[in-house]
2 protein chains.
Amino acid sequence: MYINFAILGILSSQSLTGYDLKKIIQESPFMYWSGNNNQIYKALGELLEADFVTNEEQHPGGSPAKKIYTITEAGKAELKRSLQFAPEPPEFKKTFLIQLAWSDQLNTNEFNAQLFGYEREIKQQILLQQEKRMRETNCPNRSPREIYIWEMIHENIISFYNNELMWVKKLRQGLCFCNEKVRAE
Amino acid sequence: MYINFAILGILSSQSLTGYDLKKIIQESPFMYWSGNNNQIYKALGELLEADFVTNEEQHPGGSPAKKIYTITEAGKAELKRSLQFAPEPPEFKKTFLIQLAWSDQLNTNEFNAQLFGYEREIKQQILLQQEKRMRETNCPNRSPREIYIWEMIHENIISFYNNELMWVKKLRQGLCFCNEKVRAE
DNA sequence: GGTGTCATGTAAACAGTTACATGATTTT
DNA sequence: AAAATCATGTAACTGTTTACATGACACC
(Lines give C-alpha, C1' and ligand atoms only; values in the text may rest on other atoms or scores of the structure.)
Protein backbone atom coordinates (compact mmCIF):
# COMPACT_ATOMS: atom_id res chain seq x y z
CA MET A 1 0.00 0.00 0.00
CA TYR A 2 1.94 2.95 -1.33
CA ILE A 3 -0.48 5.42 0.21
CA ASN A 4 0.93 4.54 3.63
CA PHE A 5 4.42 5.36 2.38
CA ALA A 6 3.18 8.58 0.79
CA ILE A 7 1.68 9.62 4.14
CA LEU A 8 4.95 8.81 5.92
CA GLY A 9 6.73 10.90 3.30
CA ILE A 10 4.48 13.89 3.86
CA LEU A 11 4.74 13.56 7.63
CA SER A 12 8.54 13.34 7.42
CA SER A 13 8.77 17.11 6.97
CA GLN A 14 5.81 18.26 9.09
CA SER A 15 3.21 16.99 11.56
CA LEU A 16 -0.35 17.18 10.23
CA THR A 17 -3.95 16.14 10.81
CA GLY A 18 -5.80 13.61 8.66
CA TYR A 19 -7.71 16.47 7.14
CA ASP A 20 -4.49 18.24 6.13
CA LEU A 21 -3.13 15.04 4.58
CA LYS A 22 -6.34 14.59 2.65
CA LYS A 23 -6.02 18.03 1.11
CA ILE A 24 -2.35 17.61 0.25
CA ILE A 25 -3.03 14.29 -1.47
CA GLN A 26 -6.01 15.72 -3.35
CA GLU A 27 -3.92 18.64 -4.58
CA SER A 28 -0.92 16.55 -5.50
CA PRO A 29 -0.45 15.73 -9.18
CA PHE A 30 1.55 12.55 -8.61
CA MET A 31 -0.14 11.05 -5.53
CA TYR A 32 -2.73 9.45 -7.72
CA TRP A 33 -5.35 8.67 -5.08
CA SER A 34 -8.53 10.68 -4.82
CA GLY A 35 -7.68 11.41 -1.19
CA ASN A 36 -11.01 10.25 0.22
CA ASN A 37 -11.51 9.91 3.96
CA ASN A 38 -11.76 6.17 3.89
CA GLN A 39 -8.23 5.77 2.64
CA ILE A 40 -6.62 8.44 4.79
CA TYR A 41 -8.12 7.46 8.14
CA LYS A 42 -7.67 3.75 7.46
CA ALA A 43 -4.01 4.30 6.55
CA LEU A 44 -3.44 6.48 9.64
CA GLY A 45 -5.00 3.75 11.77
CA GLU A 46 -2.60 1.19 10.34
CA LEU A 47 0.42 3.47 10.73
CA LEU A 48 -0.57 4.15 14.33
CA GLU A 49 -1.02 0.45 15.01
CA ALA A 50 2.48 -0.23 13.64
CA ASP A 51 3.95 2.65 15.71
CA PHE A 52 5.16 4.43 12.59
CA VAL A 53 3.27 7.54 13.74
CA THR A 54 1.92 8.94 17.01
CA ASN A 55 -1.01 11.32 17.38
CA GLU A 56 -1.69 14.10 19.78
CA GLU A 57 -5.22 15.30 20.45
CA GLN A 58 -5.78 19.01 20.51
CA HIS A 59 -8.49 20.64 22.67
CA PRO A 60 -10.11 17.27 23.40
CA GLY A 61 -13.43 18.92 24.23
CA GLY A 62 -14.29 19.51 20.55
CA SER A 63 -16.57 17.02 18.87
CA PRO A 64 -14.26 15.83 16.10
CA ALA A 65 -11.19 15.75 18.35
CA LYS A 66 -8.43 17.22 16.18
CA LYS A 67 -5.53 14.77 16.03
CA ILE A 68 -2.07 15.84 14.93
CA TYR A 69 0.01 12.99 13.55
CA THR A 70 3.79 12.89 13.95
CA ILE A 71 6.22 10.41 12.39
CA THR A 72 8.29 8.25 14.76
CA GLU A 73 11.87 7.01 14.35
CA ALA A 74 10.45 3.62 13.33
CA GLY A 75 8.29 5.45 10.79
CA LYS A 76 11.32 7.24 9.34
CA ALA A 77 13.12 3.91 9.04
CA GLU A 78 10.06 2.40 7.32
CA LEU A 79 9.95 5.33 4.89
CA LYS A 80 13.62 4.90 4.03
CA ARG A 81 13.03 1.17 3.52
CA SER A 82 10.16 1.91 1.13
CA LEU A 83 12.36 4.26 -0.91
CA GLN A 84 14.59 1.32 -1.72
CA PHE A 85 11.91 -1.08 -2.96
CA ALA A 86 12.55 -2.29 -6.49
CA PRO A 87 10.99 0.37 -8.76
CA GLU A 88 7.75 -0.66 -10.47
CA PRO A 89 7.21 0.16 -14.14
CA PRO A 90 4.81 3.04 -14.82
CA GLU A 91 1.21 2.08 -15.57
CA PHE A 92 -1.51 3.82 -17.53
CA LYS A 93 -5.23 3.51 -18.08
CA LYS A 94 -6.54 5.08 -21.27
CA THR A 95 -10.18 4.22 -21.86
CA PHE A 96 -9.95 6.35 -24.99
CA LEU A 97 -7.77 3.67 -26.62
CA ILE A 98 -10.56 1.14 -25.97
CA GLN A 99 -12.96 3.40 -27.83
CA LEU A 100 -10.47 4.19 -30.58
CA ALA A 101 -9.73 0.52 -31.26
CA TRP A 102 -13.18 -0.10 -32.74
CA SER A 103 -14.10 3.40 -33.84
CA ASP A 104 -13.83 2.47 -37.50
CA GLN A 105 -17.57 1.85 -37.07
CA LEU A 106 -18.13 5.59 -36.64
CA ASN A 107 -18.52 7.91 -39.59
CA THR A 108 -16.01 10.69 -40.24
CA ASN A 109 -17.95 13.32 -38.30
CA GLU A 110 -18.56 11.17 -35.25
CA PHE A 111 -14.94 10.06 -35.30
CA ASN A 112 -13.56 13.60 -35.52
CA ALA A 113 -15.84 14.68 -32.70
CA GLN A 114 -14.29 12.00 -30.46
CA LEU A 115 -10.73 12.99 -31.39
CA PHE A 116 -11.56 16.60 -30.76
CA GLY A 117 -13.14 15.72 -27.40
CA TYR A 118 -10.05 13.80 -26.32
CA GLU A 119 -7.75 16.63 -27.33
CA ARG A 120 -9.85 19.05 -25.30
CA GLU A 121 -9.67 16.77 -22.25
CA ILE A 122 -5.89 16.59 -22.48
CA LYS A 123 -5.51 20.34 -22.86
CA GLN A 124 -7.68 20.83 -19.80
CA GLN A 125 -5.50 18.41 -17.84
CA ILE A 126 -2.39 20.34 -18.86
CA LEU A 127 -3.93 23.58 -17.61
CA LEU A 128 -4.99 21.90 -14.38
CA GLN A 129 -1.49 20.54 -13.77
CA GLN A 130 0.15 23.88 -14.45
CA GLU A 131 -2.26 25.48 -12.02
CA LYS A 132 -1.31 22.92 -9.36
CA ARG A 133 2.35 23.65 -9.97
CA MET A 134 1.78 27.37 -9.39
CA ARG A 135 -0.23 26.83 -6.23
CA GLU A 136 2.38 24.57 -4.66
CA THR A 137 3.89 26.25 -1.62
CA ASN A 138 4.06 23.46 0.97
CA CYS A 139 7.01 21.37 2.14
CA PRO A 140 9.61 23.62 3.74
CA ASN A 141 13.39 23.43 4.17
CA ARG A 142 14.31 21.88 0.85
CA SER A 143 17.81 20.98 -0.24
CA PRO A 144 18.89 21.96 -3.78
CA ARG A 145 18.58 18.33 -4.82
CA GLU A 146 15.10 18.11 -3.33
CA ILE A 147 13.99 21.23 -5.21
CA TYR A 148 15.32 19.78 -8.45
CA ILE A 149 13.58 16.46 -7.83
CA TRP A 150 10.18 18.08 -7.24
CA GLU A 151 10.70 20.17 -10.36
CA MET A 152 11.35 17.01 -12.33
CA ILE A 153 8.25 15.30 -10.91
CA HIS A 154 6.16 18.11 -12.30
CA GLU A 155 7.95 17.90 -15.60
CA ASN A 156 7.22 14.19 -15.73
CA ILE A 157 3.52 14.78 -15.45
CA ILE A 158 3.36 17.64 -17.92
CA SER A 159 5.40 15.62 -20.41
CA PHE A 160 2.93 12.75 -20.06
CA TYR A 161 0.07 14.95 -21.20
CA ASN A 162 2.15 16.76 -23.83
CA ASN A 163 3.20 13.45 -25.30
CA GLU A 164 -0.46 12.45 -25.50
CA LEU A 165 -1.37 15.76 -27.12
CA MET A 166 1.30 15.37 -29.78
CA TRP A 167 0.07 11.86 -30.44
CA VAL A 168 -3.56 12.96 -31.03
CA LYS A 169 -2.40 15.66 -33.41
CA LYS A 170 -0.31 13.17 -35.36
CA LEU A 171 -3.24 10.74 -35.38
CA ARG A 172 -5.52 13.38 -36.83
CA GLN A 173 -3.00 14.39 -39.49
CA GLY A 174 -2.39 10.81 -40.57
CA LEU A 175 -6.12 10.28 -40.72
CA CYS A 176 -6.50 13.08 -43.25
CA PHE A 177 -4.10 11.30 -45.60
CA CYS A 178 -5.89 8.04 -44.89
CA ASN A 179 -9.25 9.51 -45.85
CA GLU A 180 -7.83 11.07 -49.00
CA LYS A 181 -6.46 7.71 -50.00
CA VAL A 182 -9.87 6.11 -49.47
CA ARG A 183 -11.56 8.81 -51.56
CA ALA A 184 -9.00 8.36 -54.33
CA GLU A 185 -9.82 4.64 -54.70
CA MET B 1 -17.46 -0.97 -17.05
CA TYR B 2 -15.23 -0.60 -20.08
CA ILE B 3 -14.26 -4.26 -20.06
CA ASN B 4 -17.76 -5.11 -21.27
CA PHE B 5 -17.31 -2.72 -24.19
CA ALA B 6 -13.86 -4.13 -24.92
CA ILE B 7 -15.36 -7.63 -25.07
CA LEU B 8 -18.12 -6.42 -27.41
CA GLY B 9 -15.39 -4.84 -29.53
CA ILE B 10 -13.42 -8.06 -29.77
CA LEU B 11 -16.55 -10.10 -30.51
CA SER B 12 -17.60 -7.63 -33.24
CA SER B 13 -15.12 -9.18 -35.65
CA GLN B 14 -15.19 -12.82 -34.51
CA SER B 15 -17.09 -15.21 -32.23
CA LEU B 16 -14.98 -16.56 -29.40
CA THR B 17 -15.01 -18.49 -26.11
CA GLY B 18 -14.35 -16.89 -22.73
CA TYR B 19 -10.97 -18.56 -22.73
CA ASP B 20 -10.08 -16.98 -26.08
CA LEU B 21 -11.14 -13.54 -24.84
CA LYS B 22 -9.05 -13.99 -21.75
CA LYS B 23 -5.93 -14.66 -23.80
CA ILE B 24 -6.58 -11.75 -26.17
CA ILE B 25 -7.02 -9.34 -23.27
CA GLN B 26 -3.92 -10.66 -21.52
CA GLU B 27 -1.87 -10.19 -24.68
CA SER B 28 -3.24 -6.77 -25.49
CA PRO B 29 -1.08 -3.78 -24.63
CA PHE B 30 -3.96 -1.31 -24.28
CA MET B 31 -6.70 -3.43 -22.67
CA TYR B 32 -5.25 -2.76 -19.28
CA TRP B 33 -6.98 -5.52 -17.32
CA SER B 34 -5.07 -8.59 -16.20
CA GLY B 35 -7.61 -10.75 -18.01
CA ASN B 36 -8.46 -12.93 -15.04
CA ASN B 37 -11.36 -15.37 -15.17
CA ASN B 38 -13.44 -13.53 -12.64
CA GLN B 39 -13.73 -10.46 -14.85
CA ILE B 40 -14.23 -12.28 -18.14
CA TYR B 41 -16.92 -14.71 -17.05
CA LYS B 42 -18.72 -12.10 -14.98
CA ALA B 43 -18.73 -9.69 -17.93
CA LEU B 44 -19.94 -12.41 -20.31
CA GLY B 45 -22.73 -13.23 -17.87
CA GLU B 46 -23.84 -9.60 -17.83
CA LEU B 47 -23.64 -9.27 -21.61
CA LEU B 48 -25.67 -12.46 -22.00
CA GLU B 49 -28.24 -11.20 -19.50
CA ALA B 50 -28.60 -7.95 -21.48
CA ASP B 51 -28.88 -9.88 -24.78
CA PHE B 52 -25.80 -8.18 -26.19
CA VAL B 53 -24.32 -11.61 -26.88
CA THR B 54 -25.59 -15.16 -27.35
CA ASN B 55 -23.65 -18.33 -26.65
CA GLU B 56 -23.65 -21.68 -28.34
CA GLU B 57 -22.44 -24.77 -26.54
CA GLN B 58 -20.15 -27.07 -28.43
CA HIS B 59 -20.06 -30.86 -27.84
CA PRO B 60 -22.21 -30.51 -24.70
CA GLY B 61 -20.92 -33.83 -23.35
CA GLY B 62 -17.56 -32.37 -22.29
CA SER B 63 -17.13 -31.34 -18.68
CA PRO B 64 -16.36 -27.64 -19.15
CA ALA B 65 -18.97 -27.19 -21.89
CA LYS B 66 -17.22 -24.98 -24.43
CA LYS B 67 -19.34 -21.92 -25.10
CA ILE B 68 -18.84 -19.79 -28.17
CA TYR B 69 -20.05 -16.24 -27.72
CA THR B 70 -21.48 -14.21 -30.63
CA ILE B 71 -22.43 -10.55 -30.64
CA THR B 72 -26.09 -9.68 -31.35
CA GLU B 73 -27.52 -6.68 -33.22
CA ALA B 74 -28.33 -5.11 -29.87
CA GLY B 75 -24.74 -5.75 -28.84
CA LYS B 76 -23.44 -4.01 -31.97
CA ALA B 77 -25.67 -1.03 -31.22
CA GLU B 78 -24.40 -0.96 -27.63
CA LEU B 79 -20.81 -1.05 -28.88
CA LYS B 80 -21.42 1.86 -31.22
CA ARG B 81 -23.07 3.78 -28.40
CA SER B 82 -20.02 3.22 -26.17
CA LEU B 83 -17.72 4.54 -28.90
CA GLN B 84 -19.47 7.89 -28.62
CA PHE B 85 -19.15 8.35 -24.86
CA ALA B 86 -17.35 11.55 -23.90
CA PRO B 87 -13.63 10.67 -23.93
CA GLU B 88 -12.00 10.39 -20.51
CA PRO B 89 -8.57 11.92 -19.90
CA PRO B 90 -5.70 9.43 -19.72
CA GLU B 91 -4.63 8.30 -16.26
CA PHE B 92 -1.34 7.04 -14.92
CA LYS B 93 -0.01 5.37 -11.80
CA LYS B 94 3.69 5.78 -11.17
CA THR B 95 4.67 4.47 -7.77
CA PHE B 96 8.23 5.43 -8.66
CA LEU B 97 7.30 9.11 -8.33
CA ILE B 98 6.12 8.41 -4.76
CA GLN B 99 9.53 6.96 -4.00
CA LEU B 100 11.37 9.72 -5.86
CA ALA B 101 9.55 12.51 -4.00
CA TRP B 102 11.29 11.70 -0.71
CA SER B 103 14.44 10.04 -1.98
CA ASP B 104 16.59 12.94 -0.91
CA GLN B 105 16.96 10.83 2.22
CA LEU B 106 18.97 8.26 0.24
CA ASN B 107 22.69 8.65 -0.32
CA THR B 108 24.07 9.07 -3.84
CA ASN B 109 24.71 5.37 -4.37
CA GLU B 110 21.29 4.25 -3.17
CA PHE B 111 19.64 6.97 -5.22
CA ASN B 112 21.49 6.07 -8.41
CA ALA B 113 20.62 2.42 -7.88
CA GLN B 114 16.92 3.33 -7.84
CA LEU B 115 17.18 5.48 -10.97
CA PHE B 116 19.06 2.70 -12.72
CA GLY B 117 16.44 0.18 -11.62
CA TYR B 118 13.61 2.30 -12.96
CA GLU B 119 15.38 2.80 -16.28
CA ARG B 120 15.85 -0.96 -16.59
CA GLU B 121 12.14 -1.55 -15.88
CA ILE B 122 11.13 0.89 -18.61
CA LYS B 123 13.50 -0.62 -21.15
CA GLN B 124 12.09 -4.03 -20.38
CA GLN B 125 8.55 -2.73 -20.90
CA ILE B 126 9.56 -1.30 -24.27
CA LEU B 127 10.95 -4.66 -25.36
CA LEU B 128 7.81 -6.40 -24.10
CA GLN B 129 5.54 -4.04 -26.02
CA GLN B 130 7.55 -4.40 -29.21
CA GLU B 131 7.33 -8.16 -28.85
CA LYS B 132 3.54 -7.92 -28.48
CA ARG B 133 3.37 -5.77 -31.59
CA MET B 134 5.26 -8.40 -33.58
CA ARG B 135 3.13 -11.27 -32.31
CA GLU B 136 -0.14 -9.54 -33.20
CA THR B 137 -1.87 -11.44 -36.00
CA ASN B 138 -5.53 -11.53 -34.89
CA CYS B 139 -8.48 -9.41 -36.03
CA PRO B 140 -9.11 -10.05 -39.73
CA ASN B 141 -10.65 -8.00 -42.58
CA ARG B 142 -9.29 -4.61 -41.65
CA SER B 143 -9.99 -1.40 -43.54
CA PRO B 144 -7.04 0.93 -44.27
CA ARG B 145 -8.30 3.28 -41.60
CA GLU B 146 -8.55 0.44 -39.10
CA ILE B 147 -4.99 -0.67 -39.84
CA TYR B 148 -3.76 2.87 -39.32
CA ILE B 149 -5.66 3.19 -36.04
CA TRP B 150 -4.22 0.01 -34.60
CA GLU B 151 -0.76 1.14 -35.69
CA MET B 152 -1.31 4.41 -33.83
CA ILE B 153 -2.49 2.60 -30.70
CA HIS B 154 0.80 0.77 -30.59
CA GLU B 155 2.68 3.99 -31.20
CA ASN B 156 0.81 5.59 -28.31
CA ILE B 157 2.02 2.92 -25.93
CA ILE B 158 5.61 2.88 -27.12
CA SER B 159 5.74 6.68 -26.95
CA PHE B 160 4.52 6.53 -23.34
CA TYR B 161 7.48 4.42 -22.33
CA ASN B 162 9.94 6.32 -24.54
CA ASN B 163 8.83 9.58 -22.99
CA GLU B 164 9.45 8.09 -19.56
CA LEU B 165 12.86 6.83 -20.62
CA MET B 166 13.90 10.25 -21.90
CA TRP B 167 12.72 11.78 -18.66
CA VAL B 168 14.84 9.46 -16.47
CA LYS B 169 17.89 10.21 -18.59
CA LYS B 170 17.33 13.92 -18.23
CA LEU B 171 16.76 13.52 -14.50
CA ARG B 172 20.06 11.69 -14.13
CA GLN B 173 21.94 14.31 -16.15
CA GLY B 174 20.50 17.21 -14.19
CA LEU B 175 21.37 15.41 -11.00
CA CYS B 176 25.04 15.30 -11.95
CA PHE B 177 25.09 19.08 -12.23
CA CYS B 178 23.16 19.33 -8.98
CA ASN B 179 25.70 17.18 -7.15
CA GLU B 180 28.61 19.18 -8.60
CA LYS B 181 27.00 22.35 -7.35
CA VAL B 182 26.61 20.85 -3.87
CA ARG B 183 30.27 19.78 -3.85
CA ALA B 184 31.35 23.27 -4.98
CA GLU B 185 29.68 24.91 -1.99
C1' DG C 1 1.83 -41.79 -17.14
C1' DG C 2 3.04 -36.95 -16.51
C1' DT C 3 2.99 -32.32 -18.16
C1' DG C 4 0.85 -28.68 -20.52
C1' DT C 5 -2.90 -26.41 -22.59
C1' DC C 6 -7.95 -25.93 -23.10
C1' DA C 7 -12.03 -24.55 -20.70
C1' DT C 8 -15.28 -22.88 -17.15
C1' DG C 9 -16.27 -21.25 -13.03
C1' DT C 10 -16.05 -19.58 -7.67
C1' DA C 11 -14.07 -17.61 -3.18
C1' DA C 12 -11.67 -14.45 -0.76
C1' DA C 13 -9.16 -10.52 -0.50
C1' DC C 14 -7.48 -6.02 -1.67
C1' DA C 15 -7.81 -1.31 -3.59
C1' DG C 16 -10.35 2.56 -4.30
C1' DT C 17 -14.59 5.53 -4.84
C1' DT C 18 -18.97 7.81 -3.58
C1' DA C 19 -21.94 8.97 -0.34
C1' DC C 20 -23.49 9.39 4.33
C1' DA C 21 -23.27 11.21 9.14
C1' DT C 22 -22.05 14.48 12.68
C1' DG C 23 -20.76 18.66 14.77
C1' DA C 24 -17.55 22.75 15.55
C1' DT C 25 -15.68 26.97 13.79
C1' DT C 26 -15.11 30.66 10.49
C1' DT C 27 -16.64 33.61 6.93
C1' DT C 28 -20.11 36.26 4.45
C1' DA D 1 -28.52 33.65 10.04
C1' DA D 2 -26.74 31.06 6.32
C1' DA D 3 -22.97 29.09 3.96
C1' DA D 4 -18.41 27.41 3.71
C1' DT D 5 -14.71 25.16 5.75
C1' DC D 6 -12.62 22.31 9.39
C1' DA D 7 -12.47 17.75 11.22
C1' DT D 8 -13.29 12.78 11.94
C1' DG D 9 -15.22 8.74 10.88
C1' DT D 10 -18.40 4.77 8.62
C1' DA D 11 -21.20 2.13 5.01
C1' DA D 12 -21.92 0.45 0.73
C1' DC D 13 -20.30 -0.34 -3.58
C1' DT D 14 -17.22 -1.03 -7.71
C1' DG D 15 -13.25 -2.75 -9.74
C1' DT D 16 -9.45 -5.81 -9.81
C1' DT D 17 -6.37 -9.45 -8.44
C1' DT D 18 -4.77 -13.96 -6.62
C1' DA D 19 -5.82 -18.30 -5.72
C1' DC D 20 -8.68 -22.31 -5.73
C1' DA D 21 -11.35 -26.12 -7.99
C1' DT D 22 -12.54 -29.24 -11.63
C1' DG D 23 -12.03 -32.00 -15.64
C1' DA D 24 -11.15 -32.97 -20.74
C1' DC D 25 -7.81 -33.53 -24.20
C1' DA D 26 -3.19 -33.50 -26.53
C1' DC D 27 1.57 -34.45 -26.62
C1' DC D 28 5.88 -36.47 -25.21
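Worth saying up front: this structure is predicted, and the values here are computed from it rather than measured. We name chains A, B, ... by the order of the sequence lines, and we start the count at 1 in each one.
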Chemist: Take atom OH of Tyr2(A) and atom C1' of dC14(C), then tell me their distance rounded to the nearest Å.
Modeler: 16 Å
Chemist: Would you please classify the geometry between the Trp167(B) ring and the Phe96(B) ring as parallel, tilted or perpendicular, with 30° and 60° separating the classes?
Modeler: perpendicular
Chemist: Check for a donor-acceptor pair, side chain of Gln99(A) on one end and backbone N or O of Ser82(B) on the other, with a separation under 3.5 Å.
Modeler: yes
Chemist: Strictly below 4.0 Å: does Lys67(B) bring a side-chain N or O up to OP1 or OP2 of dG9(C)?
Modeler: yes
Chemist: Could you tell me the separation between the CD1 atom of Ile40(A) and the C1' atom of dA19(C), rounded to a whole number of Å?
Modeler: 17 Å
Chemist: For Glu46(A), give me all partners under side chain to side chain contact (heavy atoms under 4.5 Å, CB included), at least two apart in sequence or on another chain.
Modeler: Asn4(A), Lys42(A)
Chemist: Any protein N or O atoms within reach of nucleotides 13-16 of chain D? Criterion: under 3.5 Å, listing atom names and distances.
Modeler:
from    : atom 1 : to       : atom 2 : distance (Å)
dT16(D) : OP2    : Trp33(B) : NE1    : 3.2

Chemist: How many Å lie between CG on Asn37(A) and C1' on dT8(D), as a whole number?
Modeler: 7 Å
Chemist: Would you please name every residue forming a ring pair (Phe, Tyr, Trp, His ring centres under 6.0 Å) with Tyr2(B), sequence neighbours left out?
Modeler: Phe5(B)
Chemist: Roughly how many Å is it from CG in Leu44(B) to P in dG9(C), rounded to a whole number?
Modeler: 8 Å
Chemist: Looking at Thr17(B), I'd like to know whether one of its side-chain N or O atoms comes within less than 4.0 Å of OP1 or OP2 on dC6(C).
Modeler: no
Chemist: Not counting sequence neighbours, which residues clear side chain to side chain contact (heavy atoms under 4.5 Å, CB included) with Glu91(A)? List them please.
Modeler: Lys93(B)
Chemist: Using whole Å, what does the distance between atom C1' of nucleotide dA7(D) and atom CD1 of Ile25(A) come to?
Modeler: 16 Å
Chemist: Quick one: is dC6(D) close enough that its OP1 or OP2 comes under 4.0 Å of any side-chain N or O from Lys23(A)?
Modeler: yes
Chemist: Could you pull out all residues at least two apart from Phe116(A) that satisfy ring pair (Phe, Tyr, Trp, His ring centres under 6.0 Å)?
Modeler: none
Chemist: Starting at atom CD of Gln58(A), determine the distance to atom C1' of dA24(C), rounded to an integer number of angstrom.
Modeler: 14 Å
Chemist: Grab the NZ-C1' distance between Lys66(A) and dT26(C) for me, whole Å please.
Modeler: 13 Å
Chemist: Would you please name every residue forming a side chain to side chain contact (heavy atoms under 4.5 Å, CB included) with Ala74(B), sequence neighbours left out?
Modeler: Phe52(B), Thr72(B)
Chemist: Can you tell me the distance, in whole Å, between the NZ atom of Lys22(B) and the C1' atom of dT8(C)?
Modeler: 10 Å
Chemist: For dC6(D), take OP1 and OP2 only and decide whether either is under 4.0 Å from a side-chain N or O of Tyr19(A).
Modeler: yes
